[in-house]
Amino acid sequence: MRPPVSDLPLVLSRITVRVGALAILDSLSLTITPGAPLAIIGPNGAGKSTLLRIAMGLLAPTEGAVSWGGRPASDIARRGIVFQRPAMLRRSVEANIAFALGGRGLASAERAARTQRALAQAKLEPLAQRPARRLSGGEQQRLALARALAREPEVLFLDEPANNLDPAATKAVEAIIRDAAGSGVKIVMVTHDLGQARRLCGEVAFIAGGRLLEHGPAAAFFADPNTQQAAAFLRGDIVE
Amino acid sequence: MDGASAWTLVTSGDPALYAIVRLSLVVSLAAVAIASLVGMPLGALLALARFPGRSAVIVFVNACMGLPPVVVGLSVFLLLSRSGPLGSLGILFTPQAMVIAQAILVAPIIAALTRQTIEDMWSEYRDELTAMGVGPGRRVAALLWDARFALVTTLLAGFGRAAAEVGAVMIVGGNIDGFTRTMTTAIALETSKGDLPLAIGLGAVLMTIVLGINAFAWGVRRFGERYTG
């Protein structure tokens with residue numbers, strides 16, 4: 001049961017993030033609307049992770065404004081994020097999910113039911129009682145996804161969701177993402193894996209040097225990018 | 001010769017010896033309990049709160065880990081002596097005074113170790129808990145719970161310090177036979193009197209306790225690693 005208000009469209013207007021003299025994001029504007037997963041791609045250091053933190057509401061921009069569904073502020077708990085290196089609480093797999101569902105006035109039966117659903121969705125039932133920190137990298141990533149999805153976010157941000165995972169684990173993680181997208185969660189994912197972006201995403205935002213250079217349907221972007229930088233990036237050249 | 005008599009004292013359950021051991025344990029355990037009530041919240045607060053002068057407070061608390069027991073004993077003595085500000089309580093040379101002195105000695109250790117533990121964990125959990133919209137109360141509760149095994153070892157470190165110190169309890173307790181005599185003060189006294197068997201026996205018991213505590217702390221840490229990963 002989602003409250004009637006929505007975080008979408010999520011609008012970033014002329015966002016600049018400066019650390020000292022360095023501009024990590026440079027007057028970047030991007031509108032995130034409901035629909036197929038959005039891939040944020042671009043060279044290392046382009047500002048992709050910073051962009052996610054701004055959109056999530058974890059970081060305030062130096063200049064510019066963010067609005068969630070037309071509102072200048074929105075409870076962060078409405079959205080979900082899976083960090084590049086998710087922190088596993090020093091508890092069981094099941095307790096990690098149950099903790100994420102706490103503190104929001106859910107009845108304990110509802111909380112337990114949602115925990116079980118999340119475990120099933122990520123195929124983690126056999127590991128439910130295992131300490132989360134003893135899981136393999138792929139299992140931890142699945143738990144992080146399950147933990148974020150259990151909260152039934154409207155938008156889910158993913159930072160390199162299959163980084164350093166083997167093919168089988170990557171497949172499992174992508175299945176969960178596809179599932180979530182299918183059930184209406186807006187996925188916004190940073191990835192350096194172009195194959196993954198092609199497999200999962202319907203739209204692409206290409207960022208370099210803290211600027212948004214392209215934003216549009218994935219098929220068109222991969223077939224015929226509009227900018228030289230994107231074309232060079234897709235060819236595998238080094239783009240600064 | 002002395003060693004053999006010491007062995008007899010310990011194994012025969014000499015009542016005077018065991019009364020001393022009991023008092024030592026009761027005083028040190030009470031001191032650790034009180035010190036943890038003050039030290040753990042203080043440590044957690046220092047780990048999570050940002051305020052002007054925070055670094056100075058942290059340096060001060062860390063420095064207090066090395067407080068000389070005799071200085072603590074002297075300070076508590078001055079506070080509790082008849083002409084001191086708390087002289088009206090009339091508890092100088094009682095076990096209560098010893099508990100107070102040891103609690104002061106142990107509280108900075110517990111506060112400093114708690115701060116370190118909670119701060120390390122917070123830097124790891126911060127983004128995750130913030131993204132989950134976890135409020136300050138649940139945040140502290142989650143950190144304390146997830147740090148529980150590390151915090152138990154913190155308590156044991158405090159207990160080890162309390163049980164082994166002699167200066168503070170000697171000054172504020174007065175080493176009164178059958179009333180405020182602990183293992184460490186008894187060892188000091190008996191050695192100076194030349195009654196080595198009792199001193200050696202008590203020394204052996206003390207060493208056993210300290211070793212036991214450390215073995216227990218090790219076990220807790222290992223169990224915690226296996227249980228929480």
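Quick note on labels: first sequence line is chain A, next is B, and so on, each numbered from 1.
Contact annotation for A/Leu58: only side-chain heavy atoms (C-beta onward) come within less than 4.5 Å of a heavy atom of chain B. Interface remark: A/Phe99 contributes backbone and side-chain atoms alike to the contact with chain B (heavy atom separation under 4.5 Å). Within the 4.5 angstrom heavy-atom criterion, atoms from both the backbone and the side chain of B/Ala142 approach chain A. For chain B, the nearby part of A/Arg79 is the backbone; its heavy atoms alone come within less than 4.5 Å. With a 4.5 angstrom heavy-atom cutoff, A/Arg147 touches chain B only via side-chain atoms.
Atom-to-atom distance recorded for B/Glu128:CD and A/Asn96:CG is 9.0 Å, nearest 0.5 angstrom. The structure places CE of A/Met88 at 12.0 Å from CG of B/Asp146, a figure rounded to the nearest 0.5 Å. Residue B/Thr130 holds its OG1 atom at 11.5 Å from CG of A/Leu59, rounded to the nearest 0.5 Å.
The greatest number of non-hydrogen atom pairs below 4.5 Å with chain A, out of B/Glu124, B/Arg126, B/Met121, is found for B/Glu124. Annotation: maximal heavy-atom pairing with chain B below 4.5 Å, among A/Ala148, A/Gly102, A/Ala100, occurs at A/Gly102.
Residues A/Arg134 and B/Glu225 are not paired through a salt bridge, judged by the lack of any N-O separation under 4.0 Å between the basic side chain and the carboxylate.
Enclosure of atom OH in B/Tyr18 by more than 12 non-hydrogen atoms of other residues, nucleotides or ligands within 6.0 angstrom is indicated. A 6.0 Å sphere centred on CZ of B/Arg222 holds no more than 12 heavy atoms belonging to other residues, nucleotides or ligands. The neighbour count for B/Arg138 CZ, taken as heavy atoms of other residues, nucleotides or ligands under 6.0 Å away, is above 12.
Heavy atoms only, all atoms of each residue included: A/Arg151 and B/Ala131 are closest at NH2-O, 4.2 Å. Closest of all the heavy-atom pairs between A/Ala77 and B/Met132 is CB-O, 4.0 Å.
The shortest side-chain heavy-atom distance between B/Arg148 and A/Arg90 does not fall under the 4.5 Å cut-off.
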